[in-house]
Amino acid sequence: MINRITHAQFTALCSHVASKIETEKGKPVVIVIADEAGEIVHMLHMDNTPARSGIIASGKAFTAAKMERTTTALGKLCEDMKTPVSAFLIEGLTTLPGGTPIFDKNGTFIGAVGISGRSAVEDQALADACAAFLGTL
């Protein structure tokens, strides 16, 4: 059986992030959730985000799910090994910051989140915060 974030959990996440963005008066984002197999199961494309952000966030979620590590960590690994991400032989991987694996309260891997629409550092920070939030539900 594939582990997945439920629709109710995704809705709670979207409300949480939208409230945070509204309070901060921050830039909108696209939030994508992949299941543990890397399949995209949820997406929120906030108003005024570039059309490309959905594809980018999807790639980040896919990568974090397939590799069970953040896209930033994967980028660092590739840099340290002096090898391209293509060496992992999984088409569609990216090292763009903004993808984070999600673990439930018991530490079980249940999927990944991808964020796009802000700077690389902000995307990664928000993805990490989203994964932490979902891990509490």
Side-chain angles (χ1 to χ4, degrees):
M1 182 168 133
I2 298 288
N3 292 314
R4 291 196 170 120
I5 299 301
T6 67
H7 181 74
Q9 289 170 318
F10 182 67
T11 301
L13 173 67
C14 292
S15 294
H16 175 73
V17 171
S19 175
K20 181 177 161 72
I21 287 173
E22 188 176 311
T23 300
E24 296 173 350
K25 299 198 184 319
K27 286 178 67 177
V29 295
V30 174
I31 304 170
V32 173
I33 302 293
D35 64 18
E36 66 177 328
E39 295 296 319
I40 304 308
V41 293
H42 301 287
M43 177 187 282
L44 171 67
H45 206 286
M46 292 181 165
D47 293 341
N48 301 315
T49 54
R52 67 182 173 273
S53 293
I55 293 169
I56 294 169
S58 295
K60 293 174 182 184
F62 171 81
T63 299
K66 287 294 188 185
M67 301 305 288
E68 292 187 42
R69 66 179 69 210
T70 68
T71 51
T72 297
L74 180 60
K76 176 83 169 99
L77 177 65
C78 290
E79 183 180 308
D80 291 348
M81 292 173 50
K82 296 179 178 41
T83 188
V85 72
S86 60
F88 290 98
L89 303 175
I90 302 172
E91 190 174 327
L93 294 182
T94 183
T95 57
L96 292 173
T100 302
I102 303 165
F103 298 89
D104 68 13
K105 293 178 192 177
N106 301 317
T108 302
F109 174 64
I110 57 172
V113 59
I115 301 290
S116 183
R118 296 180 169 191
S119 72
V121 170
E122 292 172 314
D123 281 355
Q124 189 62 61
L126 186 53
D128 293 345
C130 288
F133 177 83
L134 287 167
T136 67
L137 301 180

_Other residues, nucleotides and ligands only: do more than 12 of their heavy atoms fall within 6.0 Å of CD1 on Ile55?_
no

*Sequence neighbours left out, what pairs pass salt bridge (charged side-chain N to carboxylate O under 4.0 Å, His left out) with at least one residue falling in residues 87-102?*
none

*Please collect all salt bridge (charged side-chain N to carboxylate O under 4.0 Å, His left out) contacts where either partner lies in residues 57-67, sequence neighbours excluded, each pair once.*
Lys60-Asp123

*Residue pairs involving residues 3-14 (criterion salt bridge (charged side-chain N to carboxylate O under 4.0 Å, His left out); sequence neighbours excluded)*: Arg4-Asp35

*asked:* Please enumerate all residues that pass side chain to side chain contact (heavy atoms under 4.5 Å, CB included) together with Ala129, with sequence neighbours excluded.
replied: none

*Mind jotting down which residue pairs meet the ring-ring contact (aromatic ring centres under 6.0 Å, His included) criterion with at least one end in residues 77-115? Sequence neighbours excluded, please.*
Phe103-Phe109

*Looking only at heavy atoms, what is the nearest atom pair of Pro84 and Cys78, with distance?*
C-SG, 4.2 Å

_Filter on ring-ring contact (aromatic ring centres under 6.0 Å, His included), then keep only pairs touching residues 115-137, sequence neighbours left out; what's left?_
His16-Phe133

*Glu68 side chain vs Ala65 backbone, donor-acceptor pair below 3.5 Å*: no

*Looking at Leu134 and Ile5, what are the two nearest heavy atoms and their distance?*
CD2-CG2, 4.1 Å

*Check the pair Val17 / Met46 against side-chain contact (heavy atoms from CB on, under 4.5 Å), numbers first and verdict last.*
CA-CA 11 Å; Val17 171; Met46 292 181 165; 4.0 Å; yes

_Partner residues of Ala127 under the side chain to side chain contact (heavy atoms under 4.5 Å, CB included) criterion, sequence neighbours left out_ = Thr100, Val113, Ile115, Gln124

*asked:* Main chain of Gly75, side chain of Thr95: is a donor-acceptor contact present, judged purely on distance under 3.5 Å?
replied: no

_Please find the pair of heavy atoms, one from Pro101 and one from Ala64, that lie closest to each other, and give the distance._
N-CB, 3.8 Å

*Sort and list the pairs that fulfil salt bridge (charged side-chain N to carboxylate O under 4.0 Å, His left out) and have at least one residue in residues 38-59, not counting sequence neighbours.*
none

*How would you list, by chain and number, every residue that makes a side chain to side chain contact (heavy atoms under 4.5 Å, CB included) with Thr11, sequence neighbours excluded?*
His7

*Grab the two heavy atoms, one from Thr63 and one from Gly92, that are nearest each other, plus how far apart they are.*
OG1-O, 3.8 Å

_Of all pairs that satisfy ring-ring contact (aromatic ring centres under 6.0 Å, His included), the ones with a partner from residues 37-57, not counting sequence neighbours_ = Phe10-His42

_Contact list for residues 52-81, test ring-ring contact (aromatic ring centres under 6.0 Å, His included), sequence neighbours left out_ = none

Side chains of residues 23-31: which donor-acceptor pairs under 3.5 Å do they make with residues two or more places apart or in other chains?
from  : atom 1 : to     : atom 2 : distance (Å)
Thr23 : OG1    : Ser19  : O      : 2.9
Glu24 : OE2    : Lys20  : NZ     : 3.3
Lys27 : NZ     : Gly117 : O      : 3.3

